[in-house]
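Okay, structure first, notes after.
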Amino acid sequence: MVSDRGYVEELADVEDDFDRWYVEVVRKAEMADDSPVRGTRIIRPYGFALWENIQRQLDDRIKATGVENAYFPLFIPKSMLEREAEHVEGFAPEVAWVTHGGNKKLEEPWAVRPTSEAIICPIYSRWVQSYRDLPILINQWSNVVRWEERPRAFLRTVEFLWQEGHTAHSSLDEAEERTLQMLEVYRDLCETELAIPVVPGLKSDSEKFAGALRTYTIEAMMGGKHWALQSATSHNLGDHFGRVFDIEFLDKQGERHFAFNTSWGLSTRIVGAVIMVHGDERGLKMPPRVAPTQAVIVPIWRKDNERADVEAAVERVRSSLGTDLRVKVDLRDDKTPGWKFNDWELKGVPVRIELGPRDIQNEQVMVVRRDTGEKQAVPMAELPGVLPTLLDEIQANMYESARKMLEEKSERVTDYARLKERAAGNEGFSYVYWCGSEECEDKVKAETHATIRCIPLEQPGESGPCIVCGTTSDTEVIFARAY
RNA sequence: CGGGGAGUGGCGCAGUCCGGUUAGCGCGCCGCGUUCGGGACGCGGAGGUCGGAGGUUCGAAUCCUCUCUCCCCGACCA
């Protein structure tokens with residue numbers, strides 16, 4: 001029912017109980033549903049439509065850098081997965097195994113891919129003999145399985161969807177360049193399309209990808225508890241995988257070298273980020289550029305004779321908007337307008353267009369923004385011009401709000417007690433100097449549950465005492481709790 | 001994997017301690033009518049065997065044993 005607030009009451013309070021709010025909004029907005037299989041979730045059409053829009057934007061950007069799509073198998077023979085020692089060790093606890101085919105026990109078990117380096121690299125080995133065969137630039141859209149405890153829709157599920165790019169290069173410098181290039185692609189995607197500001201940075205050794213030389217990440221700040229979410233990663237694998245999977249080539253001088261690899265991925269987890277960064281007490285708030293529905297038209301009428309006029313006007317308005325915008329008309333006659341308003345707000349549709357008898361009289365529509373709640377009358381004839389601009393404004397405003405949150409909930413901390421206080425109080429990102437030792441990193445983690453999210457690429461260019469041991473360091477890191 | 005909580009129509013819950021009529025309630029759903037500018041209302045109706053298995057008993061949602069699942073808090077993670 002509706003309370004004094006004037007909107008859905010059945011949603012947990014976004015400030016008081018953010019985790020519960022998340023679970024509820026995911027379900028009520030029909031983003032995802034529970035599944036009968038432990039740890040997995042069903043992505044419903046509305047949630048999948050968002051993913052598809054993100055996918056399209058990212059796919060275009062990836063291809064624009066010269067990468068092609070391909071597809072490698074879901075299964076990896078045990079011996080292959082085990083070739084790279086650090087890699088296996090890192091993933092061992094979360095690998096699902098196929099031990100039987102039909103009624104027959106397999107001679108060698110197959111791993112269900114937790115990521116595909118171990119199946120892709122051996123193939124690259126076959127394709128590469130000469131420096132002329134490099135670079136190899138391939139991406140695949142796939143599902144992977146990681147046997148996680150504690151599933152949360154989109155954020156952490158046993159099976160999830162993602163893209164994983166895998167490249168091979170003739171030099172470490174070129175691999176590093178590609179690693180950073182893809183990190184930039186992710187940053188641009190998040191900030192431009194999803195209105196999510198991120199902090200690009202390097203992972204500490206303890207947080208990096210199993211088997212990587214270096215892992216870069218973009219970290220975003222979620223709403224509610226201001227925890228961090230690792231939103232995409234890009235790894236420079238050095239020649240570790242080239243060596244163990246024997247990706248060898250002859251250079252111009254006829255000398256033998258191992259190839260240098262990169263891999264980089266962004267998953268359906270990002271959908272969780274969109275939900276948590278932008279959502280509010282009324283529900284979701286979709287960034288216009290990727291919103292499954294950018295505007296919804298709600299007809300309003302009382303009597304049947306009004307209905308015919310209104311629905312005709314609605315159709316005129318809808319067709320005047322063309323096909324470039326994703327516009328939906330809500331013709332349901334078993335729901336009242338008020339019910340629909342709440343429903344579309346819960347689903348986060350950026351713009352609502354109300355059209356009733358009074359509007360027809362005035363040759364106008366009422367236009368309501370989801371981000372600010374602002375309502376204005378717009379002459380019907382002007383709507384096709386106004387709407388795209390309005391969507392751009394909403395996109396910009398949503399980015400700006402998220403940026404403000406990131407700024408306001410980030411603090412440079414020099415006092416260890418303050419760091420603890422901030423972690424305990426869900427106060428966001430703490431920027432601190434760190435000496436680089438794992439002991440100091442672990443101590444903070446053990447005492448505050450905050451981890452090093454990244455070493456931001458943008459450094460202050462000064463030095464200061466390590467937050468734990470006091471050793472002078474010029475490395476600043478972000479400590480925060482993370483999903 | 002450790003600690004805590006919970007499984008009862010689609011959803012949210014009551015009933016369980018102290019076994020005993022046809023297992024209730026709100027929302028939702030179906031039909032009809034009145035409604036419709038911020039989650040409308042009336043009347044009529046459908047739908048559960050109480051997570052699962054076993055046991056105790058004349059009788060089990062309720063007691064006992066085993067088991068599965070989900071949620072929250074910790075250890076590990078895109």
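Every chain is numbered from 1, with letters handed out A, B, ... down the list of sequences. Below, all heavy atoms of this structure are taken into account, side chains as well, without hydrogens, waters or symmetry copies.
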Exercise. Take atom CD of A:Glu68 as the centre, draw a 6.0 Å sphere, and report whether it contains more than 12 heavy atoms from other residues, nucleotides or ligands.
Key: no

Quiz item: Counting only heavy atoms not in A:Trp162, do more than 12 fall under 6.0 Å of its CH2?
Solution: yes

Please determine, for the side chain of [X], which listed nucleotide ([options]) has the closest atom?
X	options	value
A:Pro357	B:C36, B:G37, B:G38	B:G37
A:Arg27	B:G38, B:C11, B:C36	B:C11
A:Thr336	B:C77, B:C71, B:G37	B:G37
A:Gln230	B:C70, B:A78, B:G38	B:A78
A:Arg146	B:C76, B:A78, B:C36	B:A78
A:Arg156	B:A78, B:C72, B:C36	B:A78
A:Asp359	B:C76, B:C36, B:G37	B:G37
A:Val23	B:C36, B:A78, B:C72	B:C72
A:Asn342	B:G38, B:C36, B:C72	B:G38

Taking atom types as modelled, is there a side-chain donor on [X] or [Y] under 3.5 Å from an acceptor on the other?
X	Y	value
A:Thr262	A:Arg178	no
A:Ser206	A:Glu438	no
A:Gln140	A:Ser116	yes
A:Gln230	A:Lys203	yes
A:Thr179	A:Trp264	no

Using atom [atom1] of [X] as one end and atom [atom2] of [N] as the other, report the distance to the nearest whole Å.
X	N	atom1	atom2	result
A:Leu161	B:A78	CG	C1'	12 Å
A:Asp33	B:C11	CG	C1'	11 Å
A:Asp334	B:C27	CG	P	17 Å
A:Arg152	B:G74	CZ	P	11 Å
A:Asp330	B:G37	CG	P	13 Å
A:His87	B:C77	NE2	P	14 Å
A:Arg358	B:G38	CZ	C1'	13 Å
A:Ile42	B:G10	CD1	C1'	15 Å

Quiz item: When the nearest nucleotide of RNA chain B is assigned to A:Phe160 and to A:Pro151 on a heavy-atom basis, which residue is associated with the more 5' position?
Solution: A:Pro151

Practice problem: Tell me which of A:His449 and A:Lys340 sits closer to the 5' end of RNA chain B, going by the nucleotide each one is nearest to. | Solution: A:Lys340

What contact category does [X] fall into here, base, sugar-phosphate, or nothing, at under 4.0 angstrom with non-hydrogen atoms?
X	value
A:Arg113	nothing
A:Arg307	nothing
A:Thr157	base
A:Gly265	nothing

Quiz item: What string of B, S and - do you get for nucleotides 3-9 of chain B, 5' to 3', when a contact is any protein heavy atom under 4.0 Å?
Solution: -------

Return the pairing partner of [N] with a 3.5 Å limit on both distances, Watson-Crick or G-U wobble; otherwise return none.
N	value
B:G2	B:C73
B:C32	B:G42
B:U62	none
B:U16	none

Side-chain N or O of [X] less than 4.0 angstrom from OP1 or OP2 on [N]?
X	N	answer
A:Arg481	B:G74	yes
A:Lys335	B:C29	yes
A:Thr233	B:A78	no

Self-check item: Span that lies between the P atom of B:C71 and that of B:C13, in whole angstrom
Solution: 14 Å

Practice problem: Report yes or no: is the cationic atom of A:Arg152 (NZ for Lys, CZ for Arg) under 6.0 Å from the centre of the six-membered ring of A:Tyr483, at an angle within 45° of the ring normal? | Solution: no

Quiz item: Taking the six-membered ring of A:Tyr416, is the NZ or CZ of A:Lys443 close enough (under 6.0 Å from the centre) and on axis enough (within 45°)?
Solution: yes

Quiz item: For the side chain to side chain contact (heavy atoms under 4.5 Å, CB included) test, which of A:Gln55, A:Lys63, A:Arg56 pairs with A:Asp59?
Solution: A:Lys63

Quiz item: Got a salt bridge between A:Glu82 and A:Lys78, using NZ or NE/NH1/NH2 to carboxylate O under 4.0 Å?
Solution: yes

Quiz prompt | SB check A:Glu15 A:Lys225 (cutoff 4.0 Å) | solution = no

Quiz item: Heavy-atom contacts under 4.0 Å between residues 202-212 of chain A and RNA chain B, which residues?
Solution: none

